[in-house]
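By convention here, the first residue in the shown sequence is residue 1. What you see is a predicted model, and the numbers here were worked out from it, not measured in a lab. We count ligands from 1, going down the list as the structure has it; atoms in each ligand are counted the same way.
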Amino acid sequence: MRHRLFVMSAASGAGKTTLKDLVIQEFPDICYSISATTRAPRKGEVNGIHYFFKTKEEFEEMISKNELVEWNQVHGNYYGTPKSFVENQLAQGKRILFDLDVFGKVNFDKVYPDATGILILPPSVEELKKRLLQRATDSEAVIQLRLENAIKEMDFAKAHGKYEYTIINDDLQKAAQELRTILKDPRQS
Ligand code: 5GP
């Protein structure tokens, strides 16, 4: 699976979604992985496009039937990568870009050890806090918790994660260019 699977991970507030949305449309042969989740759809999110939205019972059945490449609980909800989705896309000759939390990535590597890892980092903890505060509808306590989780995730990724590339997202256009270069690399085709 070398050169066909890309996994992005980032702490919330690192700007990963904006970055991914900007770049992926330029690569028609790369599809974005659709995960299963028990979290409620946000405004504008569509089942089967953004996520496969599941009940807790449905998700736990997927776990017990071994239908997931990996799964994890993130911010109190289940998230996982359906095997069938990955296998179908690969059979169609597509490359796939995944968005996994840093712990899920470790489990993903047990199944697909050759996937290319891309870690997206904010320029600093101060900047991360600023971004979380800016976009937040959350309370100060929730923001503090997210910030602490983000720091733990970044430390874990640096110590245990297998990420071939790190992108510091201080400037969106510069970060987008770095991501393009990774996805365009002829060795990745
Ligand atoms: P959100 O709820 O904001 O869409 O995603 C929350 C977190 O869940 C993100 O950090 C994202 O990386 C992670 N995530 C999304 N899909 C999956 C998945 O299939 N597996 C794992 N392990 N994490 C996921």
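Listed by number with element, the atoms of ligand 1 under 4.0 angstrom from any heavy atom of Gly104 are 22 (N). Heavy-atom contacts of Arg39 reach the following atoms of ligand 1: 1 (P), 2 (O), 4 (O) (cutoff under 4.0 Å). Counting atoms of ligand 1 from 1 in the listed order, those under 4.0 Å from a heavy atom of Asn72 are 22 (N).
With respect to the salt-bridge test (charged N to carboxylate O, under 4.0 angstrom), the residues Lys16 and Asp99 qualify. Salt bridge Glu127/Lys130: present, at least one basic N to carboxylate O contact under 4.0 Å.
Polar contact with ligand 1: present for Arg42 (N/O pair, distance under 3.5 Å).
Neither the backbone nor the side chain of Lys105 comes within contact range of ligand 1; no heavy atom lies under 4.0 Å. When non-hydrogen atoms are compared, ligand 1 lies under 4.0 Å from the side chain of Val74 (C-beta onward) but not from its backbone. Contacts between Phe98 and ligand 1, counted as non-hydrogen atom pairs separated by less than 4.0 Å, are absent for every part of the residue.
Put simply, the side chain of Ser9 gets close to the backbone of Leu100: a donor and an acceptor are under 3.5 Å apart. Side-chain N or O atoms of Lys184 include none that pairs as donor or acceptor with a backbone N or O of Phe27 at under 3.5 Å. Ser33 places no side-chain N or O within 3.5 Å of a backbone atom of Leu97 that could act as its donor or acceptor partner.
Among all protein heavy atoms, the one lying closest to atom 6 (C) of ligand 1 is Tyr79 OH, 3.6 Å. The protein heavy-atom contact nearest to atom 20 (N) of ligand 1 is Glu70 OE2, 2.7 Å. In this structure, atom 19 (O) of ligand 1 lies nearest to the protein heavy atom Ser35 OG, 2.7 Å. Nearest protein heavy-atom contact of atom 5 (O) of ligand 1 is Tyr51 OH, 3.4 Å. Counting protein heavy atoms only, atom 14 (N) of ligand 1 is closest to Asp99 O, 3.5 Å. Residue, atom and distance of the protein heavy atom nearest to atom 13 (C) of ligand 1 are Asp101 N, 3.9 Å. Ranking the protein heavy atoms by distance from atom 9 (C) of ligand 1 puts Lys16 NZ, 3.9 Å first.
With respect to Asn169, the side chain to side chain contact (heavy atoms under 4.5 Å, CB included) criterion is satisfied by exactly one of Thr18, Leu121, Leu179, Ile120: Ile120. Here the rule is side chain to side chain contact (heavy atoms under 4.5 Å, CB included) with Val86, and of Ile34, Leu68, Val69 only Val69 fits it.
The shortest side-chain heavy-atom distance between Ile182 and Ile167 falls under the 4.5 Å cut-off.
Of the N and O atoms on the side chains of Arg131 and Gln134, not one donor lies less than 3.5 Å from an acceptor on the other residue.
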